[in-house]
Amino acid sequence: MHEDRHQPADSGSAGPDDATWAQMSPRERVLAAFGMAGLGVGVAGLVVLFLLLGVLVITVVCRPLIETDGPAALAWAALLCLPYGALASLFVHPLRLLVQATAMGDRARRAAAAGCSLAGTFLTALFVAALTPGLHVARSWIPALLATVLVAALNVALKHYEDRRNRKKRA
């Protein structure tokens with residue numbers, strides 16, 4: 001006469017540890033929502049810290065060209081990288097669509113996509129240099145070019161690391 005509360009695992013339903021949103025109590029929903037919000041804030045914070053590191057590196061390397069009104073200008077530059085990146089994407093997206101629409105080889109298509117990515121990075125850095133309050137840049141194209149080269153080098157290093165890791169997994 002004992003009823004089993006859990007359905008068999010092969011029925012496709014969620015197990016006892018995999019409750020769906022509808023099966024959660026209000027307290028569990030609140031805890032899950034706070035946990036996911038905390039995770040999102042943590043990830044966003046790491047992205048902004050990484051961008052701040054990039055801004056600091058470019059500011060130190062291009063010291064004679066960049067003047068700031070204080071450390072807040074560098075924080076603003078890091079925070080504004082995200083919306084300026086979205087704005088740059090609006091300008092580069094038609095070029096990206098044109099590349100996808102043309103009939104070219106796979107290698108040429110990848111090279112063109114990489115060129116679009118570099119153009120977006122360059123535009124983002126130009127927007128940051130020109131539009132960030134408290135940041136005064138003499139020749140904005142030089143720090144923008146440096147940022148583009150740094151991002152491209154980071155992408156190459158990450159691709160190499162990923163390829164090496166995948167080769168180790170296969171072996």
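Between atom CD1 of residue I58 and atom CD1 of residue I66 there is a gap of 7.5 Å, rounded to the nearest 0.5 Å. Here L146 contributes atom CG and C62 contributes atom SG; the two are 5.0 Å apart, rounded to the nearest 0.5 Å. For the atom pair L154 CG and F50 CZ, the distance stands at 5.0 Å (nearest 0.5 Å). The distance from the OG atom of S140 to the CG atom of L126 is 5.0 Å, given to the nearest 0.5 Å. Rounding to the nearest 0.5 angstrom, the gap separating the OG atom in S117 from the CZ atom in R110 is 14.5 Å. From E28, atom CD reaches atom CD of Q23 across 10.0 Å, with rounding to the nearest 0.5 Å.
Between F127 and F122 there is no side-chain heavy-atom pair separated by less than 4.5 Å. Counting heavy atoms from C-beta outward, L80 and L131 have side chains that stay 4.5 Å or more apart.
L95 and F91 are assigned to two separate hydrophobic clusters, defined by single-linkage of ILVMFWY side chains at heavy-atom distances under 4.5 Å. In the hydrophobic clustering of ILVMFWY residues, with side-chain heavy atoms under 4.5 Å counting as a link, L56 and L135 come out together. Cluster annotation: L49 and L79 are assigned to distinct hydrophobic clusters (Ile/Leu/Val/Met/Phe/Trp/Tyr, side-chain heavy-atom contacts under 4.5 Å, transitive). No continuous path of hydrophobic side-chain contacts links L118 to L145 [ILVMFWY only; heavy atoms under 4.5 Å]. Placement of V48 and L46 in two distinct hydrophobic clusters is found when ILVMFWY residues are connected by side-chain heavy-atom separations under 4.5 Å, directly or transitively.
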Checklist entry - What's the verdict on side-chain contact (heavy atoms from CB on, under 4.5 Å) for L82 and L51, showing C-alpha distance, side-chain angles and the deciding distance? => result CA-CA 9 Å; L82 299 173; L51 290 172; 3.8 Å; yes
Item to check | Steps toward side-chain contact (heavy atoms from CB on, under 4.5 Å) verdict (L123, L87) | outcome: CA-CA 9 Å; L123 273 176; L87 182 63; over 6 Å; no
Next on the checklist: If you apply the rule side-chain contact (heavy atoms from CB on, under 4.5 Å), what do you find for V137 with V128, and how did you get there?
Outcome noted: CA-CA 10 Å; V137 183; V128 168; over 6 Å; no
Item to check | Working for side-chain contact (heavy atoms from CB on, under 4.5 Å), residues N155 and K159 | outcome: CA-CA 6 Å; N155 282 337; K159 177 74 171 148; over 6 Å; no
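Applying the side-chain hydrogen bond (donor to acceptor under 3.5 Å, both in side chains) test to D69 and every residue at least two apart in sequence or in another chain returns H136.
Annotation for V99 and C116: closest pair CG2-SG, 4.2 Å, computed over non-hydrogen atoms. When all heavy atoms of M104 and A112 are compared, the pair lying nearest together is SD-CB, 4.5 Å. For the pair Y84 and T124, the tightest heavy-atom approach, listed with the atom from each and the gap, is O-OG1, 3.8 Å. The heavy-atom pair separating A73 from T68 by the smallest distance is CB-CB, 4.2 Å. Considering every non-hydrogen atom in both V55 and C81, the closest pair reads CG2-SG, 4.5 Å.
Counting heavy-atom neighbours within 6.0 Å of R29 CZ, excluding the residue itself, gives a total above 12.
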Please output the side-chain donor-acceptor pairs of residues 164-171 that fall under 3.5 Å, not counting sequence neighbours, one pair per line with the distance.
{"unit_1": "N166", "atom_1": "ND2", "unit_2": "E162", "atom_2": "O", "d": "3.4"}

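Side chain of R139 to backbone of L65: no donor-acceptor contact under 3.5 angstrom is found.
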